[in-house]
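Have a look at the structure below, then the notes.
Only this structure's heavy atoms are used, side chains among them; waters, hydrogens and symmetry mates stay out.
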Amino acid sequence: MFNQESLPRLGDPQRAAVGLEHWHEATGSGCDPDLAAFARSYAASANGKRVLEAVFANSPFLGQALVREIGFFRRLLETGFDAAFDDLVQALWRDHGAETNAERLMKALRIAKRRAALLIGLADMAQDWPLEKVTGALSDFAQTALQLAVRVALRQAVAAGKLVVPDPAHPEKDSGYIVLAMGKFGARELNYSSDIDLIVLYDDGIVQVPDGEMTKHFVRVTRDMVRIMDERTADGYVFRTDLRLRPDPGATPVAVSVSAAEAYYSSLGQNWERAAMIKARPVAGDLEAGKGFMDIIRHFIWRRNLDFAAIQDIHSIKRQIGAHKGHREKTVNGHNIKIGRGGIREIEFFAQTQQLIYGGRDRSLRTCGTVETLYALVAADRVERQAADDLSEAYRFLRTVEHRVQMVDDQQTHQLPKTDDGVDRIAAFLGFPDTPAFRNRLMATLTVVEDHYDHLFSESPDLSGSGSLVFTGTEDDPDTMLTLREMGYQNPSAVAGQIRAWHHGRYRATRSQRARELLTELVPTLLAALGRTAHPDQAFLKFDEFLSRLPAGVQLFSLFYANPNLLDLVAEVMGTAPRLAEQLARQPQALDAVLLQGFFGTLPAREELEAGFDALVGGAQYFEEVLDLTRRWTNEHRFRAGVHILRHVSDADRLGTFLTDVAEVGLAGLQHAVEDEFAKRHGRLPGAGMAVLGLGRLGARSLSLRSDLDLITVYEVPEDVVQSDGTKPLSPNDYFIKLTQRLVNAITAHTAEGQLYEVDMRLRPSGNAGPLAVSFEGFAKYQRDSAWTWEHMALTRARAVTGPASLRTRLADEIKSVLTRPRDPAKLREDVASMRARIEQQHRTDDIWTVKYVRGGMVDIQFIAQYLTLLHAPERPDIIDPNTTGALAWLGDSGFIEVGTANLLIDAHKTWRRVQGFLRLTVEGAFDAAKAPPGLKAGLARAALPELPEGTPFEAVEEALRAKAAAVKAAFDRIVEAGAG
């Protein structure tokens, strides 16, 4: 238990001798004879004496606790640290879970805290527990104490008639009283002498108080809870409690209503509060209500459209410390381990700022623990593993130093002693062989942290070039040709000739002297950037086309000069993403969006998309203007999504929801405009409405950049309405068929801004043989009486995406009713297997990159999800989910498919979507791996399997994908094929 080699040196031998005297004095008169015999025997043994001296010499606080708790120490030696800690916590619940007297609980908690501090301190000092276990035990004890304190405080309020709760024996349950842990407590990272930061709320939609004075009573409950935890008595205190992180603490009571908190965070919440809320978690009181509140404010914490200026605001104070780049003046004596240069706070800021940037889009980054977050960032490809390893090691070391400093006298300090003697004692307490070894380790650690932190927020690199690049005169410069070839250009003479044309002002963008001067300085960086792409010559030609369409060049060239990263992006688009390059050449103004703050941050949420659409399109004067502005708005957002895929900011799987939101917002706006335009001639049908039903990828909320829209239009007309009220009236049937034609034309027509989407309406009742628009009754009757199994499979991914709310609700109910009808399992399986066989016959392929049709690809996964949904929906309607991965998750959670199989299929489906999305962005036509350039293959490999180390051979990636497909195919055979046919 106590390894002699792991025990620290004696920082103060004289203090050790005094401590041993106190130990022996405690065994005098009044001490239990058996306990006294143990104490004398333990001190007489060589091992025991060494342990006692190590404690007394280094920590007066632990020494005092040890003398007062000889009996507990003996039990600890008998059971070990883990069992002793578990017994301590369980005893509190066993002995005080039904407590009603605050004074008795206060005494019990303080004694338990002293014992917990002794136990945890000894486990830490003996190096028996790692840092995570030490901080976790401190946090778990704090949570137990807080829960008991809240329970007693609530019981007292109930007994006084101030509060009504459903279960007086467990008054916290469904009480609406919420205690959130913040900071280190929230992250289960409490330090040895930590305060606990809390926010206390009460759910004014749940709580019951007889006189209606909620705030008054919950403020009293909170003060009682704080007194139980915080007040110093003869037995000490439990935890110092800080409530200043609540909304506007200078103007609000210590307990705030949930509605007030929600209003505050939605309108006045500041960025530092968002950072603080990352680590928030419910720890006491009504835990379910606490989870509900955290769900309410998650959009405040994890913004979908992050403004990078917000990040600057969060760490602006920290960046002012040591503002001179390269400043290394640090010292050990008196250094603040928490907020000093290279300290704990820099590591936390490193992790938190990246969470705020990327966590709105990537749920895997919504972690609490610092080390956990660092490695989540590695997994998300946001941080290099070496940086995470370095910072994690530094974090553990600095937190251990912090603990030793606090253990000395149980002081909430983060500062090393200012004297050499004091540092000597800390070095000994930490187990270093001598003080210089500690000083060297600490300085090296602080420097590593500072380097990584500075690198994270370093300035952009300067523009630069290499080799000879001369484009004057009329002849090709031989050295320039060599340089261009080394850069990767196959036809350097053509490149040089075109650059000379730029300098001759043949394009509008290069006609001014200032534009040409800027371009001269940009050319080396531009050529280097284009040379790094998969097809440098093709990329150059695309850039030339882009340049030829610019109305002016000075502003854009200045931006390139000031933002080299923007130039790199344009080069990458030109060389790697032909569809984006085509759009950029046609619409150079799309680059404006890249310059906006947050372009590479979280993409806009649905509400912001709607507001942005209305702001741009809402003021259109003519119908044709609506069509153009809708296309411009949609294309700009699709361009941004494409860049995110290209730069691996996100992937096609995660962007499916965003692209679907973009489509739905544009579709809704367009439908409204079409209906208004149509009504000018044909009027309206009073009380009628038309909904657009999205199927396929639109229904599944998983659109890709090149997806078409699978649509069905369904209308509803009151029985007494027989024709429209316009100058050219139409019957309901003709009205909605013609309206649908107009809507499809508005979506698919080519204007100056291009096409919006291709539309496919073959999934409507009776397919191409049926009318373009169908009444609600006709839709319902067809689905109930005439639809084939494959049509119901398609219906599993159907959603009403536009139209009147009442009609959309009726459609949702009808679809659910159809999908939950009991089916013949054997026939269902036979139909699904037969349908898959027909697709295989038409689209058979062994190419692993044809991810839709290859066996084990997307079709197999979607068929499994649809088959199981139709099979089990009658039993569990809640498994119906239009999204394939969502449906699989429901099926796994419900036990209709093994969780391991569900996870396998979900992982594979996301992989195929990433592959498909990247290929549709970067390749025109079919992808041929044998002919693909190395740059394209490297990007594809990263998109397909981002978890693999960079540089993994392409063949190994293909092999991994084949193994994934084989596993999916085996699952399909097991689930669908077995017993079919």
Side-chain angles (χ1 to χ4, degrees), residues 138-140 142-151 153-154 157 172 175-191 194-207 214-230 238-302 314 348 352 355-356 366-369 412:
L138 288 164
S139 304
D140 290 346
Q143 183 166 348
T144 296
L146 194 63
Q147 289 176 345
L148 289 168
V150 167
R151 179 174 285 192
L154 288 172
E172 68 278 6
S175 65
Y177 184 72
I178 300 166
V179 181
L180 300 179
M182 308 294 291
K184 285 184 168 60
F185 187 18
R188 296 186 74 251
E189 293 178 340
L190 281 183
N191 56 48
S194 187
D195 297 348
I196 55 173
D197 293 310
L198 305 176
I199 291 178
V200 177
L201 308 164
Y202 60 89
D203 192 333
D204 37 348
I206 294 178
V207 299
M214 296 182 186
T215 301
K216 173 183 173 182
H217 298 316
F218 283 110
V219 164
R220 178 61 183 271
V221 168
T222 303
R223 287 178 176 159
D224 288 344
M225 177 266 288
V226 170
R227 185 177 76 88
I228 292 171
M229 296 289 291
D230 206 324
V238 189
F239 284 93
R240 292 175 293 268
T241 305
D242 192 333
L243 300 173
R244 290 174 296 175
L245 287 179
R246 69 185 184 274
D248 195 5
T252 55
V254 292
V256 181
S257 72
V258 164
S259 58
E262 182 183 354
Y264 172 84
Y265 287 123
S266 64
S267 59
L268 301 172
Q270 300 176 57
N271 287 311
W272 69 265
E273 290 175 301
R274 291 179 54 226
M277 276 292 176
I278 288 176
K279 295 184 176 182
R281 66 183 174 101
V283 289
D286 189 340
L287 298 180
E288 287 302 314
K291 292 176 185 175
F293 174 74
M294 292 306 300
D295 190 56
I296 288 172
I297 67 162
R298 74 177 186 276
H299 297 301
F300 162 70
I301 306 169
W302 307 110
I314 290 166
E348 293 172 338
Q352 278 186 316
Q355 283 183 286
L356 288 177
R366 300 180 186 183
T367 49
C368 291
Q412 174 69 338

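- Across all their heavy atoms, M277 and M294 have their closest contact at O-CE, 4.2 Å.
- The shortest side-chain heavy-atom distance between T367 and Q355 falls under the 4.5 Å cut-off.
- Looking at V283 and F185, their side chains come closer than 4.5 Å, going by heavy atoms from C-beta outward.
- Between L154 and E172, the shortest heavy-atom contact is CD1-CA, 3.6 Å.
- Judged purely by atom type and a 3.5 angstrom limit, S266 has no side-chain atom pairing as donor or acceptor with the backbone of Y264.
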Stepwise, does the side-chain contact (heavy atoms from CB on, under 4.5 Å) test hold for V221 with Y177?
CA-CA 9 Å; V221 168; Y177 184 72; 3.7 Å; yes

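- Surrounding CZ of R188 are more than 12 heavy atoms belonging to other residues, nucleotides or ligands, all under 6.0 Å away.
- Under the 4.5 Å side-chain criterion, counting only non-hydrogen atoms from C-beta, I301 is in contact with I278.
- A salt bridge is defined here as a Lys NZ or Arg NE, NH1 or NH2 lying under 4.0 Å from an Asp or Glu carboxylate O, and K291 with D295 fails to meet this definition.
- The aromatic rings of F300 and Y265 sit tilted, their planes meeting at an angle between 30° and 60°.
- How far CG of L138 is from CZ of F239: 6.0 Å, rounded to the nearest 0.5 Å.
- Listed here is the closest heavy atom pair of Q412 and N191: OE1-OD1, 3.4 Å.
- Between S175 and D286, the side chains place no donor N or O within less than 3.5 Å of an acceptor N or O (distance only, hydrogens not considered).
- Summarising the geometry of T252 relative to P247, their closest heavy-atom pair is OG1-O, 2.7 Å, with the distance given to 0.1 Å.
- Between V258 and I178, the closest heavy-atom pair is CG2-CD1, 3.9 Å.
- With L243 as reference, V226 is the one residue of I196, D197, V226 to meet the side-chain contact (heavy atoms from CB on, under 4.5 Å) rule.
- Judged by distance alone, the side chain of Q352 and the main-chain N or O of A275 form a donor-acceptor pair under 3.5 Å.
- Remark: E262 CD to S257 OG distance equals 9.5 Å, nearest 0.5 Å.
- Residues A181 and L198 approach most closely at CA-CD2, 4.2 Å, considering heavy atoms.
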R240 vs M229, test: side-chain contact (heavy atoms from CB on, under 4.5 Å). Steps then yes/no.
CA-CA 7 Å; R240 292 175 293 268; M229 296 289 291; over 6 Å; no

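- When the shell of 6.0 Å around CZ of R281 is examined, it contains more than 12 heavy atoms from other residues, nucleotides or ligands.
- T215 and Y202 form a side-chain donor-acceptor contact under 3.5 Å, judged by distance and modelled atom types alone.
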Test side-chain contact (heavy atoms from CB on, under 4.5 Å) on E348 and K184; report intermediate values, then the result.
CA-CA 11 Å; E348 293 172 338; K184 285 184 168 60; 3.1 Å; yes

Steps toward side-chain contact (heavy atoms from CB on, under 4.5 Å) verdict (V150, V179):
CA-CA 9 Å; V150 167; V179 181; 4.0 Å; yes

